[in-house]
Amino acid sequence: MNNPGIFDHEAVNRVLQPVEKANGLPNAHYIDPTIFEAEKKPIFFDNWAGIGFAKDLPEKGYAKPLTFLGQPLLLVRDRLGTVRVFHNICRHRGMILVEDAGAIRGALRCPYHSWCYDLDGALKATPHVGGPGHNAHEAIDRDTLGLIEVRSHIWRDVIFINLSGEAEPFEIANGELIKRWAEFETPIFHGGPESSFKLRIKTNWKLAVENYCESYHLPWIHPGLNSYSRLEDHYNIEEAGKLSGQGTLVYRQLTGENGEQFADGPGLSSKWDKAAEYITAFPNVMLGVHRDHSFAIVLEPVSTGETLEHIEIYYHDKSSLSQNLEALRCKNAELWKRVFEEDIFVVEGMQRGRHASKFDGGRFSPVMDSPTHLFHHWVAGKIAQAA
Amino acid sequence: MRAKDIANIEKRLVDATAQKDTATMIECYRRAAAIYEATGDENSAAFFFTNAYVFALEAGSPHANELRGKLIALGRI
């Protein structure tokens with residue numbers, strides 16, 4: 001749906017004010033299903049949205065279907081190992097091609113009329129299209145009827161897509177973030193089953209991002225973290241129109257019972273001895289980096305009031321995957337799961353609060369909430385552009 | 001005799017389809033195609049070679065190339 005007239009542009013303009021004066025996005029952006037639909041194009045489809053992880057395509061020839069904001073998609077690792085994203089439909093009548101994830105031994109065969117596609121999307125066979133036993137017809141040019149590929153990019157193992165095909169290249173759209181974390185452009189290693197979990201929360205996806213942006217809530221919501229990483233140890237990270245988040249100056253490495261630790265990533269400067277940063281790649285991928293490990297959270301907007309968080313933890317040295325560190329990896333995952341679970345009641349509480357008809361979208365502390373306002377401003381800007 | 005062979009193949013096909021036994025489906029379609037090929041019935045042969053071909057493509061079967069060759073020879077690719 002592309003219906004810019006549906007937005008309250010007066011309220012959206014109030015978000016675009018400086019942080020000292022701005023209100024947050026109006027309630028409708030959190031509770032109105034019509035607005036949820038209308039946001040899809042300017043916020044997600046016209047930008048680079050995270051939809052999954054390359055590690056979920058474990059081998060060449062593997063395919064995984066998923067639905068993202070109603071769009072049926074197919075993640076494929078082709079025969080050369082390249083990850084591609086297609087619309088999960090046959091070009092004939094639009095039938096869904098693949099229902100279950102798995103290894104594709106040969107071609108993708110549509111279950112309806114058996115049109116067959118290679119894993120690079122090429123249409124290989126159109127059985128009986130010209131009549132029984134006649135597999136070609138001059139009106140059906142196979143070269144033009146391959147699977148519809150969706151523009152995609154992998155970064156930090158996250159699969160991003162730009163459905164409209166019109167966004168700036170990923171390296172430009174997220175250039176500031178890539179540059180900021182340039183020292184982490186080394187191989188990362190997924191921690192295994194214990195490093196993968198999901199949280200289903202009754203909140204609009206934007207509230208998860210807004211909460212992630214700021215450290216202001218640490219003393220009240222994350223007392224364990226706050227015991228060694230206090231408010232004054234945190235700093236705001238802001239690039240207007242691009243990214244926002246927070247950093248800490250006192251990251252403390254996890255240590256096992258016998259003093260074991262995860263190894264650092266290669267070539268890191270001393271900044272990262274004690275620093276860690278948490279930034280959202282707008283709109284929906286929340287990332288965290290530390291000297292020895294990182295994580296990625298892909299927010300899947302299920303509905304206006306429900307979000308599924310897909311959380312994956314990675315390590316920066318292959319030695320961290322060894323058997324003797326399994327207990328430490330489990331402990332690390334449990335600690336992060338606990339932190340993310342601590343946020344649930346506040347994001348769900350804000351979601352419920354958005355039904356208060358007199359709420360004006362709220363206000364921002366110019367000191368503590370500027371990253372959050374930056375995200376609201378980004379969303380508002382995209383909506384304003386859509387008008 | 002041919003009609004009985006075809007009937008047996010069709011019965012095996014129904015069972016194989018229900019069990020998603022692609023290997024048996026390919027074999028059945030190939031055998032049916034061969035029977036019609038031997039009698040010079042090109043249309044029926046092409047029909048069954050086509051069905052064998054698409055399942056062979058899906059399965060990554062080594063028969064796929066041979067079946068494609070049959071269809072090319074019949075001018076039906």
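As the structure is a computational prediction, the values presented were derived from the model and not from experiment. Below, chain A is the first sequence line, B the second, and so on; all start at residue 1.
Between A/H113 and A/H92, the angle of the ring planes goes over 60°, which puts this pair in the perpendicular group of the 30/60° scheme.
At least one donor-acceptor pair closer than 3.5 Å links the side chain of B/R76 to the backbone N or O of A/G133. Although no hydrogens or angles enter the test, the distance criterion places a donor-acceptor pair under 3.5 Å between the side chain of A/R329 and the main chain of A/G191.
Side-chain contact of B/T24 with B/R12: a donor-acceptor pair under 3.5 Å is absent, judged by distance alone.
Contact count against chain A (heavy-atom pairs under 4.5 Å) is highest for B/A59 among B/A45, B/A59, B/A46.
Contacts of B/L71 with chain A are made by side-chain atoms alone, with heavy-atom separations under 4.5 Å and no backbone atom involved. Heavy-atom distances place no part of B/F49 under 4.5 Å from chain A, backbone and side chain included.
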